[in-house]
Amino acid sequence: GLADKLHEMYPDKTFFIIKCAWGGTNLYSQWLSPTSKGMTGSLYKQFISFVNTSVDYLISKNYDVKIEGMCWMQGESDAFTFEHSEKYAEHLSNLIGDIRNEFSQYAGEDGIAFVDAYIADTPGVWPYYEAVNRGKAEVAGRSPINVVIDTIAAGLECTEEPEDAPDLAHYDSMSEIKLGHLFAEALSEFLS
């Protein structure tokens, strides 16, 4: 969805999407960035390494690399416990700052936009989803280059597939495509 929408919106512009994802992971420890108190998370370290390797490759191919933005769809695993959910805004803010510092030499004109998205409102699966989403909204309000997509208001669903036993923990495939479109539309405000 993200690639399709960016191509539709900017047919003459070249984008490289560096996708780095791990399912079922938390910000509380696994993605914990250096500014947060505690041991830097293994996934944060792997993410930084992966992006650096990808950027180095693009530079070796003579591309003038600009990191315009980052899309973040995470938080479900932090919505399992009160402790994780209550620290979410603090850890997310630190993560964004650390990523911006790490890749500042590649930042676009306005800096590196951070586009986040709410997790699903399924309290039977994510008992503290409201606290996580509240943290996302709080962090988005701290900077003009932070955005949070209200996936709930946008009508994203997790009740349609699989047909016989819906996976209430994850958005359906058509909702994921729609989320990609919403990410692209939010990023378009920051693309130079």
Side-chain angles (χ1 to χ4, degrees), residues 2 19-48 51 67-104 107 110-158 167-172 175-176 178-187 189-190:
L2 175 61
K19 183 177 180 182
C20 187
W22 286 276
T25 61
N26 67 63
L27 178 59
Y28 189 81
S29 62
Q30 295 167 306
W31 285 96
L32 195 68
S33 69
T35 301
S36 292
K37 295 177 182 172
M39 185 179 296
T40 300
S42 61
L43 296 181
Y44 177 84
K45 292 176 188 177
Q46 290 177 48
F47 167 77
I48 296 299
V51 174
I67 299 177
E68 301 280 1
M70 176 175 168
C71 299
W72 179 255
M73 181 64 226
Q74 188 279 337
E76 291 90 346
S77 291
D78 293 288
F80 276 131
T81 68
F82 176 79
E83 182 182 9
H84 287 208
S85 67
E86 288 300 303
K87 298 292 269 179
Y88 197 83
E90 175 187 342
H91 293 321
L92 182 62
S93 183
N94 291 340
L95 175 86
I96 295 167
D98 287 339
I99 288 169
R100 286 181 175 148
N101 287 335
E102 179 71 32
F103 301 113
S104 62
D110 297 324
I112 299 173
F114 189 87
V115 182
D116 199 351
Y118 283 170
I119 62 171
D121 58 341
T122 50
V125 181
W126 315 121
Y128 298 99
Y129 82 90
E130 290 176 305
V132 168
N133 287 346
R134 189 171 47 251
K136 289 171 175 278
E138 178 186 324
V139 171
R142 294 180 185 173
S143 170
I145 60 172
N146 290 352
V147 176
V148 66
I149 296 167
D150 186 339
T151 56
I152 299 161
L156 272 62
E157 303 209 359
C158 20
D167 176 4
L168 300 177
H170 301 96
Y171 286 123
D172 299 337
S175 288
E176 289 289 344
K178 183 175 181 179
L179 178 59
H181 293 177
L182 294 169
F183 275 140
E185 290 165 4
L187 282 172
E189 296 180 32
F190 307 102

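Side chains included, hydrogens not; waters and symmetry mates left out as well; all remaining heavy atoms used.
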Trainee: Taking all atoms of both residues into account, what is the closest heavy-atom pair of Ala137 and Val148, and its distance?
Mentor: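 Heavy atoms of Ala137 and Val148 come nearest at CA-CG1, 4.1 Å.
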Trainee: So Phe114 and Arg100, side chain to side chain contact (heavy atoms under 4.5 Å, CB included) or not? Walk me through it.
Mentor: CA-CA 9 Å; Phe114 189 87; Arg100 286 181 175 148; 3.6 Å; yes
Trainee: Please examine the side chains of Glu68 and Leu187, heavy atoms only from C-beta on, and report whether any two atoms are closer than 4.5 Å.
Mentor: no
Trainee: Just by distance, do the side chain of Asn133 and the backbone of Tyr118 share a donor-acceptor pair under 3.5 Å?
Mentor: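 Judged by distance alone, no pair lies under 3.5 Å.
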Trainee: Answer yes or no: is there a side-chain heavy-atom contact under 4.5 Å between Val132 and Trp126?
Mentor: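 Side chain of Val132 against side chain of Trp126, heavy atoms only: no contact under 4.5 Å found.
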Trainee: Which value, rounded to the nearest 0.5 Å, describes the distance between Asp172 atom CG and Leu179 atom CG?
Mentor: 12.5 Å
Trainee: Can you give me the closest heavy-atom contact between Ala154 and Leu182, atom names plus distance?
Mentor: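 Nearest pair, atom of Ala154 first, then Leu182: CB-CD1, 3.8 Å.
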Trainee: Salt-bridged, Glu130 to Arg134, with N to O below 4.0 Å?
Mentor: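 Salt bridge: no.
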Trainee: In residues 69-81, what donor-acceptor pairs under 3.5 Å come from side-chain atoms, sequence neighbours left out?
Mentor:
residue: Trp72; atom: NE1; partner: Tyr88; partner atom: OH; Å: 3.2
residue: Gln74; atom: OE1; partner: Tyr88; partner atom: OH; Å: 2.7
residue: Gln74; atom: NE2; partner: Thr25; partner atom: O; Å: 3.0
residue: Gln74; atom: NE2; partner: Asp78; partner atom: OD2; Å: 2.8
residue: Asp78; atom: OD1; partner: Leu27; partner atom: N; Å: 3.3
residue: Asp78; atom: OD1; partner: Tyr28; partner atom: N; Å: 3.1
residue: Asp78; atom: OD2; partner: Leu27; partner atom: N; Å: 2.8
residue: Thr81; atom: OG1; partner: His84; partner atom: N; Å: 3.2

Trainee: How long is the straight-line distance from CD of Glu189 back to CG of Asp110, given to the nearest 0.5 Å?
Mentor: 10.5 Å
Trainee: Might you point out which heavy atoms bring Thr122 and Cys158 nearest each other, and give the distance in Å?
Mentor: CG2-SG, 4.0 Å
Trainee: Assess whether side-chain hydrogen bond (donor to acceptor under 3.5 Å, both in side chains) is satisfied between Asn94 and Ser33, documenting all intermediate values.
Mentor: CA-CA 7 Å; Asn94 291 340; Ser33 69; 5.5 Å; no
Trainee: How about Gln46 and Trp22: do any of their side-chain heavy atoms sit closer than 4.5 Å?
Mentor: yes
Trainee: Would you find a donor on one side and an acceptor on the other, under 3.5 Å apart, between the side chain of Ser85 and the backbone of Phe82?
Mentor: yes
Trainee: Taking all atoms of both residues into account, what is the closest heavy-atom pair of Ser175 and Glu157, and its distance?
Mentor: OG-N, 2.8 Å
Trainee: Just how far is it from atom CD1 of Ile99 to atom CD1 of Ile48, taken to the nearest 0.5 Å?
Mentor: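 With rounding to 0.5 Å, CD1 (Ile99) is 5.5 Å from CD1 (Ile48).
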Trainee: What pair of heavy atoms forms the shortest contact from Ile145 to Ile112, and how long is it?
Mentor: CD1-O, 3.6 Å
Trainee: Could you measure the distance from the CE atom of Met39 to the NZ atom of Lys45? Nearest 0.5 Å is fine.
Mentor: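 That separation rounds to 7.0 Å.
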Trainee: Residues two or more places apart in sequence or in another chain: which of them pass side chain to side chain contact (heavy atoms under 4.5 Å, CB included) with Leu32?
Mentor: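 Scan of Leu32 (side chain to side chain contact (heavy atoms under 4.5 Å, CB included), adjacent residues dropped) gives Ser36, His91.
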Trainee: Nearest heavy-atom pair of Ile119 and Ile152: which atoms, and what distance?
Mentor: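 Residues Ile119 and Ile152, closest heavy atoms: O-CD1, 3.9 Å.
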Trainee: Whether the side chain of Glu102 engages the backbone of Asp98 through a donor-acceptor N/O pair (distance < 3.5 Å, no angle test) should be reported.
Mentor: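 Absent.
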Trainee: Tell me every residue that passes side-chain hydrogen bond (donor to acceptor under 3.5 Å, both in side chains) with Asp116, counting only those two or more places apart in sequence or in another chain.
Mentor: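 With sequence neighbours excluded, Asp116 shows a side-chain hydrogen bond (donor to acceptor under 3.5 Å, both in side chains) to Lys136, given in chain and number order.
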Trainee: Once you round to the nearest 0.5 Å, how far does OG1 of Thr35 lie from CD1 of Ile96?
Mentor: 11.5 Å
